[in-house]
Protein chains: 2
Amino acid sequence: MERAEWRRLPPCPRARDEHSARMTGPRYTPLVQTLPATVPFVGPEVQEREMGHTFRARLGANESVFGPSPDAVEAMARESTQIWKYADATNFDLKAALAQKLGTTQKNLIIGEGIDGLLGYLVRLLVAPGDRVVTSDGAYPTFNYHVTGFGGGLVKVPYRSDHEDLPALIAKAVEVDAKMVYLANPDNPMGSWNTGAEIEAALDTMPEGVLLILDEAYIEFAPAEAVPQIAPDDPRVIRLRTFSKGYGMAGARVGYGIGAVDLIRSFDKIRNHFGMNRAAQVGALAALQDQDWLQSVLTWVAESKARIAEIAVANGLTPLPSATNFVTVDCGRDGDFARTVLHELVERGVFVRMPFVPPHDRCIRISAGTPADLDVLAEVLPQALAAANADAAS
Amino acid sequence: MERAEWRRLPPCPRARDEHSARMTGPRYTPLVQTLPATVPFVGPEVQEREMGHTFRARLGANESVFGPSPDAVEAMARESTQIWKYADATNFDLKAALAQKLGTTQKNLIIGEGIDGLLGYLVRLLVAPGDRVVTSDGAYPTFNYHVTGFGGGLVKVPYRSDHEDLPALIAKAVEVDAKMVYLANPDNPMGSWNTGAEIEAALDTMPEGVLLILDEAYIEFAPAEAVPQIAPDDPRVIRLRTFSKGYGMAGARVGYGIGAVDLIRSFDKIRNHFGMNRAAQVGALAALQDQDWLQSVLTWVAESKARIAEIAVANGLTPLPSATNFVTVDCGRDGDFARTVLHELVERGVFVRMPFVPPHDRCIRISAGTPADLDVLAEVLPQALAAANADAAS
């Protein structure tokens with residue numbers, strides 16, 4: 001067959017140098033001119049390409065190695081034949097199922113391209129250049145990325161004993177007249193949690209016009225005591241959840257928010273209405289309907305976390321309590337030491353990450369893995385520690 | 001199995017009325033307060049739910065009823081088992097394949113969540129509140145949505161003889177000191193095109209600091225003469241293309257841009273780095289590698305457009321020339337008449353859309369369909385016209 005299309009779309013010509021030399025580029029906004037071209041996280045594929053080999057165990061991004069429900073896999077595979085159609089911009093079917101499960105209405109639900117996407121929209125809705133936003137020092141960098149990206153001023157509050165310090169966060173919000181406060185509960189990267197009762201009590205101390213962004217990405221793994229009772233219509237808070245963690249669909253990009261009707265409706269002012277992947281929609285719906293699979297995942301994650309803790313202890317390290325699908329492991333020394341341990345693990349084919357700021361950077365963060373993944377961890381961790389100790393002694 | 005998760009995440013409690021009553025909501029930005037909560041397009045699923053029945057023919061969103069390459073379907077289905085992994089944030093494999101096909105470098109390519117997503121990023125990069133942006137009156141509403149959403153001032157130029165008027169667009173950009181000019185080539189919704197030579201010549205008249213957004217969503221369907229020769233490094237223009245139309249993957253959300261390195265790099269300042277669906281990435285790669293399928297689609301689309309034109313003529317209507325995968329059909333009277341025709345088609349199960357503004361709203365827009373789709377059109381169009389004529393006479 002003649003490849004008419006290739007003829008029609010020829011290779012791009014070279015730049016005409018006289019033009020490139022004299023032309024200025026586009027005029028970026030003053031804000032954009034101040035932003036660095038950074039990525040909040042370097043992905044494992046990038047590391048693999050740089051190393052020239054693939055990871056033996058992928059335990060760094062708190063993905064669910066156990067995968068999504070087989071029903072979800074089947075639904076996505078089936079929907080691939082229908083991918084020529086744009087997705088339903090209203091996410092009706094998934095929203096209806098979520099509303100039923102959560103005992104709320106569709107008007108209290110927003111579905112978007114992962115919590116990352118929803119965080120971007122939320123910041124855009126509330127934060128104009130110069131507005132203040134409060135978060136914990138060392139909390140989710142992608143949230144910070146969005147705040148900075150819209151010109152917001154980040155005000156950071158230290159953790160207290162490896163926990164996000166909610167009273168201090170709210171006190172700081174009062175002090176700086178912040179428009180929003182970010183709290184991940186359970187927390188990433190420390191795995192710790194505030195109790196639901198603490199969050200409910202703290203909400204009542206929050207001043208008017210402050211929005212609490214309650215990032216519950218890991219809520220399925222948390223104990224009952226970590227789940228606050230918050231009415232969907234409560235205008236003081238929006239809760240964000242995801243199909244990326246417990247439901248094992250990080251690569252699908254489906255997150256949702258639960259909040260007051262006015263706030264939820266506001267997303268329609270700015271969101272990419274036709275931004276959802278059609279197969280991801282049906283996959284999330286099937287995943288939601290297979291709660292047995294989720295229960296199995298929770299069991300496997302609990303077993304995996306117990307083994308990670310055993311491996312840590314066997315190597316003289318201290319696993320921290322975790323209400324998530326990962327274990328944050330205290331390496332017992334400073335950040336340089338933990339960074340070396342991490343580097344040595346990565347070099348030996350174990351993808352892990354670690355907290356960014358002191359004092360948390362004494363730790364490395366290990367996601368729940370399959371038994372085979374943890375065999376690799378058990379094999380490699382002693383080597384990595386030996387190398388790091390040798391490095392520290394030199 | 002006991003459903004512990006249901007126990008843990010109980011139905012949301014009711015709002016505490018005393019709180020809801022006294023609490024103010026979050027403080028939106030001044031810009032957001034001015035925005036309407038609109039959707040640029042109402043999707044066919046919404047119409048189907050409102051009507052209570054499904055469409056017999058889905059010919060309204062310029063989707064490719066012929067679907068993606070079977071290789072792409074297979075790749076997406078296979079990748080569903082890997083959806084627990086976040087996608088590669090750098091889109092490396094797809095970008096490498098596109099760079100090779102286009103004869104450019106990866107540094108000249110940005111991949112994002114459809115052209116819609118890329119348009120949002122582009123506007124955010126350049127448009128601060130009050131900045132001017134020039135487009136044609138009646139051109140792509142989603143672009144306008146993004147410009148308004150970032151506070152830009154839209155300045156609209158009329159079409160000339162159903163063609164976007166590029167010299168007038170550039171003259172207007174000079175007049176209002178616009179930061180960007182939008183041109184879809186081939187055009188949606190009229191199906192017309194400027195020649196590549198006209199675009200190349202117009203670029204040379206464009207003042208410094210103006211960026212031409214050249215939306216080439218339909219470029220695979222266009223004649224060779226519609227494709228301009230533009231160097232990827234040319235700082236005056238960014239070209240946007242998609243896997244939604246010719247490649248038949250609208251529901252996957254994969255678009256790409258070709259532009260100067262500095263502009264391309266700027267997307268990394270603001271984009272949702274982990275926003276791509278993992279299966280969509282491999283599907284697009286497989287689709288790109290099956291150029292034979294694309295050639296078949298082009299043939300089927302050409303045949304379908306010819307039959308749509310025949311059906312139009314047989315009903316006393318005038319099909320306009322089209323370089324896209326749809327035919328814009330002049331109903332020969334005013335906008336009210338065409339709107340009635342459209343309404344009657346929709347009521348009878350044929351999903352079509354139409355241009356929004358006069359004089360284009362004398363037309364309806366019919367996407368290429370399967371032979372079975374067009375059988376339905378041939379059956380229903382005379383009925384719809386009869387009803388519209390009766391309505392006009394009453």
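Letters A, B, ... mirror the listed sequences (proteins, then strands); counts begin at 1. All values below were derived from every heavy atom in this structure, side-chain atoms included, with hydrogens, water molecules and symmetry-related copies excluded.
Chain B forms more heavy-atom pairs under 4.5 Å with one residue of A:Ala280, A:Pro36, A:Pro44 than with any other, namely A:Pro36. Comparing B:Ala75, B:Pro30, B:Gly248, B:Gly251 by how many heavy-atom pairs each has under 4.5 Å with chain A, the most go to B:Gly251. Contact tally against chain B (heavy-atom pairs below 4.5 Å) for A:Val254, A:Ile238, A:Asp88, A:Leu211: the top residue is A:Asp88. Among A:Glu225, A:Lys85, A:Arg278, the residue making the largest number of heavy-atom pairs under 4.5 Å with chain B is A:Lys85. For the options A:Gly149, A:Ala250, A:Gly246, heavy-atom pairs under 4.5 Å to chain B are most numerous at A:Ala250. For chain B, the option among A:Leu263, A:Asn108, A:Asp93 with the highest count of heavy-atom pairs below 4.5 Å is A:Leu263. Between chain B and the options A:Met276, A:His146, A:Glu79, the largest number of non-hydrogen pairs under 4.5 Å is found for A:Met276. The greatest number of non-hydrogen atom pairs below 4.5 Å with chain A, out of B:Ser64, B:Ala89, B:Gly43, B:Pro26, is found for B:Ser64.
When the options A:Arg58, A:Lys245, A:Met249 are evaluated for a side chain to side chain contact (heavy atoms under 4.5 Å, CB included) with B:Trp84, the one that passes is A:Arg58.
By the 30° and 60° cut-offs, the orientation of the rings of B:Phe41 relative to A:Phe274 is perpendicular.
For B:Arg271, the salt bridge (Lys or Arg N to Asp or Glu O under 4.0 Å) criterion is met by B:Asp268, not counting sequence neighbours.
Side-chain contact annotation: A:Arg124 with B:Thr29, donor-acceptor N/O pair under 3.5 Å absent. When only modelled atom types and interatomic distance are considered, B:Asn272 and A:Tyr121 share no side-chain donor-acceptor pair under 3.5 Å.
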Starting from the C-alpha separation in whole Å, work towards a yes-or-no answer on side chain to side chain contact (heavy atoms under 4.5 Å, CB included) for B:Met76 and A:Ile83. CA-CA 10 Å; B:Met76 287 184 278; A:Ile83 208 78; 3.6 Å; yes
For B:Asp262 and A:Tyr28: C-alpha separation, side-chain torsions, deciding distance, then whether side chain to side chain contact (heavy atoms under 4.5 Å, CB included) applies. CA-CA 11 Å; B:Asp262 183 68; A:Tyr28 302 103; 3.0 Å; yes
I would like to know whether B:Lys269 and A:Thr34 meet side chain to side chain contact (heavy atoms under 4.5 Å, CB included); could you show each step before the answer? CA-CA 10 Å; B:Lys269 295 181 170 189; A:Thr34 69; over 6 Å; no
Steps toward salt bridge (Lys or Arg N to Asp or Glu O under 4.0 Å) verdict (B:Arg27, A:Glu208): CA-CA 9 Å; B:Arg27 292 173 285 170; A:Glu208 301 279 314; over 6 Å; no
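The contact between A:Thr81 and chain B is made by backbone and side chain atoms together, counting heavy-atom distances below 4.5 Å. At a 4.5 Å heavy-atom cutoff, the contact between A:Leu126 and chain B is made by backbone and side-chain atoms alike. Of the two parts of A:Ala260, neither the backbone nor the side chain holds a non-hydrogen atom closer than 4.5 Å to a non-hydrogen atom of chain B. Contact of A:Ala99 with chain B is not made at all, since no heavy-atom distance falls under 4.5 Å. Only the backbone of A:Gln33 has a heavy atom closer than 4.5 Å to any heavy atom of chain B. Proximity to chain A is absent for every atom of B:Phe66, based on heavy atoms less than 4.5 angstrom apart. Only the side chain of A:Glu45 comes within contact range of chain B, with heavy atoms under 4.5 Å apart.
A donor-acceptor pair under 3.5 Å is absent between the side-chain atoms of A:Asn277 and the main chain of B:Asn277, judged by distance alone.
The two atoms that bring A:Pro68 and B:Ser80 nearest to each other are CG-O, 4.4 Å, heavy atoms only.
Judged by the 6.0 Å distance and 45° axis criteria, B:Arg253 is not positioned over the aromatic ring of A:Tyr86.
Annotation: residues 113-120 of chain B contacts chain A through B:Glu113, B:Asp116, B:Gly117 [non-hydrogen atoms, separation under 4.5 Å].
A distance of 10.0 Å separates CG in B:Leu31 from CG in A:Leu125, rounded to the nearest 0.5 Å.
Side-chain contact between B:Phe92 and A:Arg49: present, with at least one pair of heavy atoms (C-beta onward) separated by less than 4.5 Å.
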